[in-house]
Amino acid sequence: MTSQRTPPPSASQSDVSRASTARGPSQQQLNVNRRVYQQETLNKDADYHVKEKTFLRRCKKLVRRCGFEDCIGNALPIAKWLPKYDVDDYLLSDIIAGCTTAVMQIPQSMGYSLLAAAPPVMGLYTAFFPIIIYVMLGTSPHISLGTFAVACLMARSVVIEHAVDTDDKVALYTPLQVIGLLTFAVGLFQVIMWMLRLGAVSTLLSEPLVSGFTTGASFQVCASQLKELFGMNLPTLPMKFSVITTVMQVATNLGETNLATFTMSIITCCLIAINNEILKPWVSKRSRCPVPMELIAIVTGTLLSRHLRLEDAFNINLIGEIPTGLPTPAAPPMELFPKIIVDAFTQTIVTYTVTISMALIIANKEKYEIDANQELLALGSSNLFGCFFFCAPVCASLSRSYIQYNAGSKSAITSLVSALVILSVLLWIGPFFEKLPRCVLAAIVVVSLKGLFMQVKDLRRFWRLSKLDAAVWLVTFVITLAVNVDLGLLAGIMASIATLFYRAQTPYTCLLGRVMDTDLYLDVKRYRGAQEISGLKIFHYCGGLNFATKNQFRNALYYKTGYLRPVKKREDSLSTHEEKQNDSLTQRPSEMFERDPTLSARIKCIIVDATALSYVDAPGIKTLVEAQKEFASCRITMLLAGANSPVLEMIERFNSLENDPLFLPTFPTVHDAVLFYNGTRLAKKKKNAPVTIGQ
């Protein structure tokens with residue numbers, strides 16, 4: 001691309017021609033002939049204007065931004081997709097996928113209930129009651145809601161604190177009551193977040209954070225099941241440092257291992273692992289229905305326990321009573337609400353983030369949209385309904401969701417079919433599992449964590465992509481594993497925020513050079529074909545210019561352009577006035593940098609490339625004012641190029657309010673500023689007289 005500065009008779013005159021398209025795309029040429037624009041002239045020619053922001057317009061914009069109209073229209077997604085449901089094409093697939101998911105959900109629901117220190121029936125309640133509401137309000141047809149290992153583990157600390165007998169006190173509430181209250185609080189927080197349109201809050205939890213958190217939590221889950229796998233009767237341990245204390249307790253009491261329990265645990269783990277690693281891939285190529293090894297394991301374990309009387313013969317711990325029928329609705333104990341509010345908020349963020357992440361993964365594959373805010377309403381309403389039936393906070397299960405999707409799920413009818421299968425267990429089949437050994441459920445839980453364990457490999461990928469992301473993963477994983485789930489999540493969030501702040505404090509800056517005879521200006525350190533123009537420095541800054549980054553901008557501008565240079569040895573001739581001035585400019589020790597007295601002989605103009613300047617505030621503009629004055633004292637002209645309209649409007653507002661305004665010649669592109677500089681330089685040589693650049 002070539003451009004030249006010509007004095008056209010009118011501002012609208014331009015000539016654009018394109019070379020023959022017979023050439024390849026990389027060989028085509030674009031020739032543009034137009035006048036050199038300053039920003040003010042371009043605004044006039046292009047009829048630039050700012051829309052008047054009346055009070056009524058602001059109110060309408062606020063309503064649209066809050067999404068109240070969409071909220072009301074999309075509050076019941078089932079009313080949109082159900083009338084369009086294709087029974088012939090979808091129903092059979094949904095029934096197969098629903099039954100397949102339920103077969104896996106039955107043992108997982110009962111197993112995860114043990115993680116929450118609650119009766120096994122709680123998991124079955126959670127797999128039924130909230131699903132009815134989500135089918136009507138949810139926007140993801142493929143996720144499998146119910147109990148989730150990490151969520152149940154987080155609920156465990158609340159249950160142990162308020163519903164487990166200790167030596168010092170007697171519990172006043174049952175585990176189901178505490179679980180119900182926790183679910184109520186989580187649902188309440190989610191509905192409030194929906195009202196405030198805070199669906200994007202999940203973006204605060206980065207991929208490294210979620211990966212490190214779930215990986216660390218998987219080890220917490222595994223540790224909590226060790227006593228069941230070994231058949232030990234260990235005392236209730238504190239939630240902090242639980243992995244370390246549990247492993248120490250198990251190692252100390254290895255002599256008390258119940259060999260029958262341990263043998264059954266090993267056999268169950270091996271059978272499920274063989275199924276997952278060998279049989280399931282083989283069967284998946286021939287059928288959409290996987291081998292229900294988990295269900296086979298609990299049925300077989302129940303039959304063996306019932307007929308061989310394992311509890312009496314080998315002292316194997318059993319599940320115990322599973323009530324038949326549906327529970328009577330009951331309000332949770334609200335007097336405990338202030339004591340669990342912090343735990344509830346943490347669980348709100350975790351369950352929502354895991355659910356929306358799983359929904360988005362499948363939605364991207366199937367090319368449909370997920371409404372993040374509507375998911376808050378769906379999950380919140382499901383929890384508020386389920387809390388009266390002693391349900392745990394619902395969350396999407398990663399493994400079950402993948403199985404449901406791969407089994408051919410087409411719509412939310414799949415979840416409804418799965419819920420009906422769970423209902424049959426609650427009404428008729430539940431008592432059959434009362435003789436099930438607890439070690440079988442523990443084995444199912446531990447083997448199902450393999451996918452989370454394997455996320456350790458993510459650290460290598462994050463390390464290659466970004467050392468900061470790897471640091472977030474490590475901090476989150478280590479604290480979650482070694483200390484506690486809640487503190488691990490908090491540490492991960494703080495680490496993520498710290499990385500954001502660090503990246504904001506280290507913006508990308510460079511000097512630009514022109515590529516041959518084009519209007520392309522690239523980083524001279526990265527592109528050897530980019531040559532700096534004599535007497536001109538083009539400073540590129542990427543990021544926001546605000547109160548937090550103004551010093552970084554100023555320092556980079558002075559150092560890159562050569563205004564300040566490092567001092568190898570302290571010179572006694574440096575005056576006290578110059579020391580103070582240098583210190584105030586750089587906020588660095590005056591022994592390190594000093595002003596270059598020869599700069600004005602080498603540089604006549606500095607162009608600040610603001611094409612990547614995303615935002616500027618008043619302190620940032622004041623920094624530009626200071627820089628302009630400093631360069632002017634050295635007889636160096638400063639130009640501004642490529643600033644977007646919001647930045648220019650902010651500068652205009654600043655100038656209308658401040659006594660020390662910023663008057664910089666502004667240009668729409670760097671090339672316009674370069675050509676303007678060349679034109680003034682040629683005019684100065686021709687007339688042999690000083691030329692003042694217009695403001």
Side-chain angles (χ1 to χ4, degrees), residues 77-78 81 90 93-113 115 122-152 183 214 276 280 284 288-290 292-295 350-366 368 370 375 378-379 381-383 385-386 391-426 444-445 447-452:
I78 192 174
W81 62 263
Y90 293 166
S93 296
D94 283 339
I95 291 176
I96 294 175
C99 293
T100 303
T101 306
V103 166
M104 183 178 182
Q105 191 163 20
I106 292 170
Q108 278 196 356
S109 297
M110 294 192 293
Y112 290 160
S113 297
L115 292 179
M122 183 273 293
L124 298 176
Y125 292 159
T126 307
F128 173 69
F129 289 104
I131 309 305
I132 300 173
I133 304 299
Y134 184 83
V135 168
M136 295 186 291
L137 301 178
T139 59
S140 175
H142 293 108
I143 61 173
S144 175
L145 284 183
T147 54
F148 182 53
V150 176
C152 289
T183 304
T214 53
N276 292 341
K280 187 177 292 184
S284 63
R288 289 187 299 178
C289 299
M293 186 58 69
E294 291 86 356
L295 185 60
V350 172
T351 54
Y352 173 67
T353 301
V354 172
T355 301
I356 198 67
S357 299
M358 191 71 243
L360 289 173
I361 289 173
I362 301 179
N364 291 334
K365 293 182 179 181
E366 292 297 312
Y368 61 82
I370 294 294
E375 286 298 300
L379 293 175
S381 301
S382 299
N383 283 321
F385 178 70
C391 299
V394 291
C395 181
S397 168
L398 307 181
S399 57
R400 290 200 311 269
S401 296
Y402 274 120
I403 287 179
Q404 179 169 311
Y405 171 66
N406 293 327
S409 173
K410 301 297 183 182
S411 70
I413 296 296
T414 300
S415 297
L416 190 59
V417 171
S418 178
L420 293 176
V421 175
I422 300 296
L423 178 61
S424 67
V425 176
L426 287 171
I444 292 174
V445 170
V447 176
S448 68
L449 295 173
K450 183 210 169 185
L452 296 179

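The side-chain heavy atoms of Ile362 and Tyr368, taken from C-beta on, include a pair separated by under 4.5 Å. Within the 4.5 Å cutoff, side-chain heavy atoms of Tyr134 are placed close to those of Ile143. Annotation: side chain of Val394 is not in contact with side chain of Thr351 (no heavy-atom distance under 4.5 Å).
For Phe385, the CZ atom counts as densely surrounded, since its 6.0 Å shell holds more than 12 non-hydrogen atoms of other residues, nucleotides or ligands.
Between the side chain of Ser409 and the backbone N or O of Tyr405, no donor-acceptor pair lies under 3.5 Å. Using a distance-only test at 3.5 Å, with no hydrogens or angles considered, no donor-acceptor pair links the side chain of Glu375 to the main chain of Tyr352. At distances below 3.5 Å, not a single donor-acceptor pair connects side-chain atoms of Thr147 with backbone N or O atoms of Gly123. Between the Ser109 side chain and the Ile106 main chain, no donor and acceptor come within less than 3.5 Å of each other. Using a distance-only test at 3.5 Å, with no hydrogens or angles considered, a donor-acceptor pair links the side chain of Ser382 to the main chain of Pro130.
Expressed to the nearest 0.5 Å, how far OG1 of Thr101 lies from CG of Leu145 amounts to 11.5 Å. We find the CD1-OG distance between Ile413 and Ser418 to be 12.5 Å, quoted to the nearest 0.5 Å. With rounding to the nearest 0.5 Å, the separation of CZ in Phe148 from CZ in Arg400 is 9.0 Å. Atom NE2 in His142 sits 7.0 Å away from atom NZ in Lys410 (nearest 0.5 Å). Atom CG in Leu416 sits 7.5 Å away from atom CD1 in Ile132 (nearest 0.5 Å). Note that the CD1 atom of Ile370 and the OG1 atom of Thr139 stand 4.0 Å from one another [nearest 0.5 Å].
When all heavy atoms are compared, the tightest approach of Val354 to Ala396 is CG1-O, 3.8 Å. Closest heavy-atom contact between Thr183 and Ala392: OG1-C, 3.3 Å.
Contacts of Ser415 classified as side chain to side chain contact (heavy atoms under 4.5 Å, CB included), with partners at least two apart in sequence or in another chain: Ile131, Val135, Gln404.
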Next item on the list: Check step by step if side chain to side chain contact (heavy atoms under 4.5 Å, CB included) holds for Cys391 and Phe128.
Entry: CA-CA 9 Å; Cys391 299; Phe128 173 69; over 6 Å; no
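Test Ile96, Ile95, Val103 against Cys99 for side chain to side chain contact (heavy atoms under 4.5 Å, CB included) and you get one pass: Ile95.
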